[in-house]
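Okay, structure first, notes after.
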Amino acid sequence: MVSSVLPTYNRAPLHFVKGEGCWLQEADGRRFLDLGAGIAVNALGHAHPHLVRALTEQAGALWHTSNLYHIDKQQALADRLVELTFADTCFFTNSGTEAAELAIKMARKYWHEKGHSERMKIITFEGSFHGRSSAAIAASGSEKMTKGFGPLLPGFVHLPFGDHEAFAEAMKDPEVGAVLVEPIQGEGGIRTMNDACLKGMRAACDATGTLLILDEVQCGMGRSGKLFAHEWTGATPDIMMVAKGIGGGFPIGAVLATEEAASGMTAGTHGSTYGGNPLGCAVALAVLEIVGEPAFLEEVTRKAGLLRQGLEGLVASHPDIFEEVRGEGLMLGLRCKAPVGDIVSAAYKEELIVVPAAENVIRLLPALNISEEEISEALSRLDRTASRAAETA
Ligand SMILES: *Cc1c(COP(=O)(O)O)cnc(C)c1O
């Protein structure tokens, strides 16, 4: 008999009942050090007092009205995001998937309004992940996600990761209207697109007016050590998808865009019942008040350096278990030689949460305000995890 929860996840036998900072308490009392942060969602850890206050204050005042009316917190959040980024305008969603939906619609509408409906093709990359809607799985193209769900939304051109020639060739297609890419692939195994690649992509897009859409759902909101990962490169997108960390655990996402890229999205062309509601926006504003501070981001980079250095040490001391450190900032991956599932299970035994990704990589995505002591503790637990995995191998 099917479980009352649709069994689309293989769940670990863990039941967390309480969280505080980087720590999760299991129902049986064990305290786990959380390097997953709900897959890069709990940007400020669990139960951060500033976020709890923002949420409860808003909960006592107003939960939901509708986008039929002005929402002051939504306006304030949009103003702040516009101030801090390349963007001129924002639309709020409830998830990264919904942000992908709008980014794709926005690109197509842009070309339609320009009288070039034929430019509906969007270039995407192997290993990418943009969500689980029909459009988002079609965008990624991975058979693991698309098999059995056809017919898929047409118009996506899937290219191998890091193949410059294939990209240059695909850009010659006059029907291409946009490029959609993650600056750092998360689900794909913490694969970073190097700065020169992203800059080159920007230049290639500029040459043909092609829209550059960045998916910063996982790598954005301070995770890379900049508010958004593309800031390291100097190249900016036309459209950007954000979610995960922006709400610190409250479900909210956003599409940020330039005025030009958003020019087709006039009244009535898109909507959301919940998107940008007062609760979500109050929490996201509180997250941004902390993560948007340059001093906070510098601390992320400094602590990321400590974690990375420690991980390099673990690769050196456990060469049969770990192979390579990947990623930027506090979006790090350890490519494993042992099967990734075994490493994740061994970590659970050491009361440590890590998240698997493709390419046999474990992801380390701790809260951005993780302390130095917690980093050392994480490294010792990972060290013991590796020893344990070596014993059972
Ligand atoms: C998680 C993720 C998404 C989808 O976000 P949801 O909130 O799960 O819908 C899209 N893109 C990237 C890069 C992600 O990591």
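Any value given below was found using the heavy atoms of this structure, including those in side chains, with hydrogens, waters and symmetry copies removed. Each ligand, and each atom within it, is numbered from 1 in the order the structure gives.
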Any heavy atom of S95 under 4.0 Å from ligand 1? The part involved is both

Using distance alone, determine whether E182 and ligand 1 share an N or O pair under 3.5 Å. no

With sequence neighbours left out, the residues meeting salt bridge (charged side-chain N to carboxylate O under 4.0 Å, His left out) with E20 are none

Side chains of S95 and E98: donor-acceptor distance under 3.5 Å anywhere?
yes

Salt bridge between E298 and R302, side-chain N to carboxylate O under 4.0 Å? no

Between S117 and H112, is there a side-chain donor-acceptor contact under 3.5 Å, judged purely by atom types and distance? yes

* Heteroatom proximity flag, F129 to ligand 1, N/O under 3.5 Å -> yes

Under 4.0 Å from one or more heavy atoms of H130, ligand 1 contributes atoms 10 (C), 11 (N)

Quiz item: Purely on distance, is any nitrogen or oxygen of E98 under 3.5 Å from one on ligand 1?
Solution: no

The closest protein heavy-atom partner of atom 11 (N) of ligand 1 is D215 OD2, 2.7 Å

among protein heavy atoms, the one nearest atom 8 (O) of ligand 1 is T97 OG1, 4.3 Å

In one Ile/Leu/Val/Met/Phe/Trp/Tyr side-chain cluster, 4.5 Å: L44, V300: yes

Give the ring-plane orientation class for F322 versus H318, where under 30° counts as parallel, over 60° as perpendicular and anything between as tilted.
perpendicular

Indicate yes or no: does an N/O atom of K244 lie under 3.5 Å from an N/O atom of ligand 1? yes

Query raised in the report: Is there side-chain contact between P183 and E328, with heavy atoms separated by less than 4.5 Å?
Result: no

G96-ligand 1 polar pair, N/O distance under 3.5 Å: yes

One finds that the ligand 1 atoms under 4.0 Å from a non-hydrogen atom of G131 are 4 (C), 10 (C)

